[in-house]
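One structure below.
Counting convention: from 1, in listed order, for ligands and their atoms alike. Residue numbers count from 1 along this sequence.
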Amino acid sequence: MTELKAQDGSAASPVCFGCMQFGGTADAAASQAMYEACRGAGVTFFDTAHMYTEGAAEELLGGFVAQESEQLIVATKAGYTGGSGRANILAQFDESRKRLKLDRVDILYLHRWDETTPLEESFETLSELQQAGAVRHIGVSNFAAWQVMKAQAVAARFGARIDILQPMYSLVKRQAEVEILPMALSEGMAVAPYSPLGGGLLTGKYQAGGTGRLSTNERYATRYGQPWMHETAAALTKMAAEMGVAPATLAVAWAAKNPAVTAPIISARNTEQLAPSLAAQTFSLSDEAYARIEEVSQRPAPATDRLEEAG
Ligand SMILES: NC(=O)c1ccc[n+]([C@@H]2O[C@H](COP(=O)([O-])OP(=O)(O)OC[C@H]3O[C@@H](n4cnc5c(N)ncnc54)[C@H](OP(=O)(O)O)[C@@H]3O)[C@@H](O)[C@H]2O)c1
């Protein structure tokens with residue numbers, strides 16, 4: 001099993017904080033306040049990407065971690081734009097390291113599957129970076145399970161290994177349960193799933209007439225546009241009210257409780273929004289509440305299609 005630790009041996013926190021909003025919906029001051037709130041709550045794991053907010057997210061995170069990067073696990077990603085070829089990985093990673101002001105990054109993910117570049121080229125490059133000490137762990141994001149296993153076989157030929165996966169995963173996006181999470185458990189790979197609130201849907205704010213990413217971003221509106229997803233958010237909100245807890249806390253705690261999950265990646269635009277997601281770190285979700293929450297969401301079909309045998 002991949003053991004995620006900072007360079008000084010500090011363990012990965014039960015949640016990771018994602019910096020996608022830094023320099024976007026969160027200005028520098030709001031970003032710093034969220035970073036400090038995370039550190040105050042013991043978060044040691046931070047996620048960003050070359051493509052977020054045209055580099056501002058990496059720049060801001062680099063400033064915040066400067067005095068304490070050895071105590072933290074800092075992850076970034078390459079190849080969302082420009083593919084996963086050697087020249088693009090090296091150029092983007094170089095830029096990321098400059099922005100982050102780090103010689104070594106704890107995790108470098110390929111941001112998404114690139115069907116035009118041979119895996120040999122991508123993984124030879126990642127392996128070189130790892131052997132040079134510039135990357136501690138190699139990860140992949142948004143890969144299907146077969147793509148992970150195919151890439152893992154190629155990585156082994158270069159003396160490397162995919163240590164961590166970053167799939168989308170929430171109560172309204174459970175596809176990862178079918179193949180990715182069982183594969184990760186079986187292969188000993190860590191998992192840092194993203195969007196545990198379904199981009200904000202599972203806060204319940206849209207039922208209450210609120211606005212946010214789903215009302216301003218068409219991609220997210222489509223991703224979370226199915227009526228059953230909104231029904232799930234409403235049912236979760238009702239359950240949360242009965243339990244006297246924020247729906248966001250329940251949603252993050254639910255994702256974190258899956259045995260394959262190392263640390264869900266939480267995010268927000270300010271500290272007020274962040275508080276209920278951070279609270280999931282210390283919220284104890286009972287098995288009974290976990291099962292009740294699952295009942296209000298749609299379970300994906302099993303990989304073999306043999307519904308009668310699904311547990
Ligand atoms: N690998 C990938 O392809 C990928 C893709 C997406 C994200 N990620 C990573 O995962 C991280 C988390 O993803 P995410 O931002 O989609 O996570 P999320 O937790 O599903 O959504 C976070 C968003 O929900 C809204 N929100 C959060 N708390 C709230 C509250 N208490 N009340 C009302 N609204 C609230 C905010 O957006 P609004 O206020 O705008 O509604 C916030 O930005 C990112 O920062 C990034 O590091 C990776």
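At a cut-off of 3.5 Å, with distance as the only test, no side-chain donor of Ser69 or Arg104 sits close to an acceptor on the other residue. Side-chain N/O atoms of Thr76 and Glu58 include a donor and acceptor closer than 3.5 Å. Between the side chains of Thr222 and Glu218, no donor-acceptor pair of N or O atoms lies under 3.5 Å.
At least one heavy atom of Lys77 sits less than 4.0 Å from an atom of ligand 1. Within the structure, ligand 1 has Tyr220 among the residues with a heavy atom less than 4.0 angstrom away. In this structure, Gly198 counts as a contact residue of ligand 1, since one of its heavy atoms falls inside 4.0 Å of the ligand. Every heavy atom of Ala248 sits 4.0 Å or more from the atoms of ligand 1. Ligand 1 lies within reach of His111, whose nearest heavy atom is under 4.0 Å from it.
Ion pair Arg299/Glu294 flagged as a salt bridge, since at least one NZ, NE, NH1 or NH2 atom sits closer than 4.0 Å to an Asp/Glu carboxylate oxygen.
Within ligand 1, counting atoms from 1 as listed, the ones closer than 4.0 Å to a heavy atom of Cys19 are 45 (O), 47 (O). Residue Ser141 has at least one heavy-atom neighbour below 4.0 Å for each of these atoms of ligand 1: 1 (N), 2 (C). Remark: ligand 1 atoms within the under-4.0 Å shell around heavy atoms of Lys205 are 33 (C), 34 (N), 38 (P), 39 (O), 41 (O). Below 4.0 Å from some heavy atom of Asn142 lie the following atoms of ligand 1, by number and element: 1 (N), 2 (C), 3 (O). Less than 4.0 angstrom separates some heavy atom of Tyr206 from each of these atoms of ligand 1: 41 (O). The atoms of ligand 1 that sit less than 4.0 Å from any heavy atom of Tyr52 are 4 (C), 8 (N), 9 (C), 46 (C), 47 (O), 48 (C). Less than 4.0 angstrom separates some heavy atom of Pro276 from each of these atoms of ligand 1: 31 (N).
Of all the listed residues (Ala192, Pro247, Gly199), Gly199 holds the heavy atom that lies closest to atom 20 (O) of ligand 1. Between the choices Met51, Arg112, Arg269, the shortest heavy-atom distance to atom 40 (O) of ligand 1 belongs to Arg269. Comparing Gln21, Arg213, Gln273, Gln166 by heavy-atom distance to atom 39 (O) of ligand 1, the nearest is Gln273. Considering each of Asn217, Asp47, Thr203, the one bringing a non-hydrogen atom nearest atom 29 (C) of ligand 1 is Thr203. Atom 42 (C) of ligand 1 has its nearest heavy-atom neighbour, among Gly212, Gly200, Ala49, Ala268, in Ala268.
Regarding atom 2 (C) of ligand 1, its nearest protein heavy-atom neighbour is Tyr194 CE2, 3.3 Å. If you check which protein heavy atom lies closest to atom 12 (C) of ligand 1, you get Ile265 O, 3.4 Å.
Classified by interplanar angle (parallel below 30°, tilted 30° to 60°, perpendicular above 60°), the ring pair Phe22/Phe17 is tilted.
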**Request:** Please lay out, stage by stage, how Gln207 and His230 fare under the test side-chain contact (heavy atoms from CB on, under 4.5 Å).
**Result:** CA-CA 8 Å; Gln207 279 73 42; His230 290 255; 3.9 Å; yes
**Request:** Apply the test side-chain contact (heavy atoms from CB on, under 4.5 Å) to residues Ile89 and Glu121: give CA-CA distance (whole Å), side-chain angles for both, the deciding distance (0.1 Å), then the verdict.
**Result:** CA-CA 10 Å; Ile89 291 176; Glu121 181 178 333; over 6 Å; no
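Pairs engaging residues 105-114 under the salt bridge (Lys or Arg N to Asp or Glu O under 4.0 Å) rule: Asp106-Arg136 [sequence neighbours left out].
Ring-centre distance between Tyr109 and Phe143: not below the 6.0 Å cut-off. Between Tyr52 and Tyr80, the distance from one ring center to the other does not fall under 6.0 angstrom.
Under a 3.5 Å cut-off, the side chain of Ser84 and the backbone N or O of Ser122 do not form any donor-acceptor pair.
Remark: ligand 1 and Ser195 share an N or O pair separated by less than 3.5 Å (distance only, no angle test). For ligand 1, the polar-atom distance check finds an N/O of Met20 within less than 3.5 Å of one of the ligand's N/O atoms.
Residue Leu274 does not touch ligand 1, judged by heavy-atom distances below 4.0 Å.
Using a 4.5 Å cut-off between side-chain heavy atoms of Ile, Leu, Val, Met, Phe, Trp and Tyr, with links allowed through other members, Val74 and Leu126 fall into the same hydrophobic cluster.
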Side-chain atoms of residues 249-265: list all donor-acceptor pairs with protein atoms under 3.5 Å, sequence neighbours left out, distances to 0.1 Å.
{"unit_1": "Thr249", "atom_1": "OG1", "unit_2": "Pro276", "atom_2": "O", "d": "2.7"}
{"unit_1": "Lys257", "atom_1": "NZ", "unit_2": "Leu285", "atom_2": "O", "d": "2.9"}
{"unit_1": "Lys257", "atom_1": "NZ", "unit_2": "Asp287", "atom_2": "OD1", "d": "2.9"}
{"unit_1": "Asn258", "atom_1": "OD1", "unit_2": "Ala260", "atom_2": "N", "d": "2.9"}
{"unit_1": "Thr262", "atom_1": "OG1", "unit_2": "Val191", "atom_2": "N", "d": "2.8"}
{"unit_1": "Thr262", "atom_1": "OG1", "unit_2": "Val191", "atom_2": "O", "d": "3.4"}

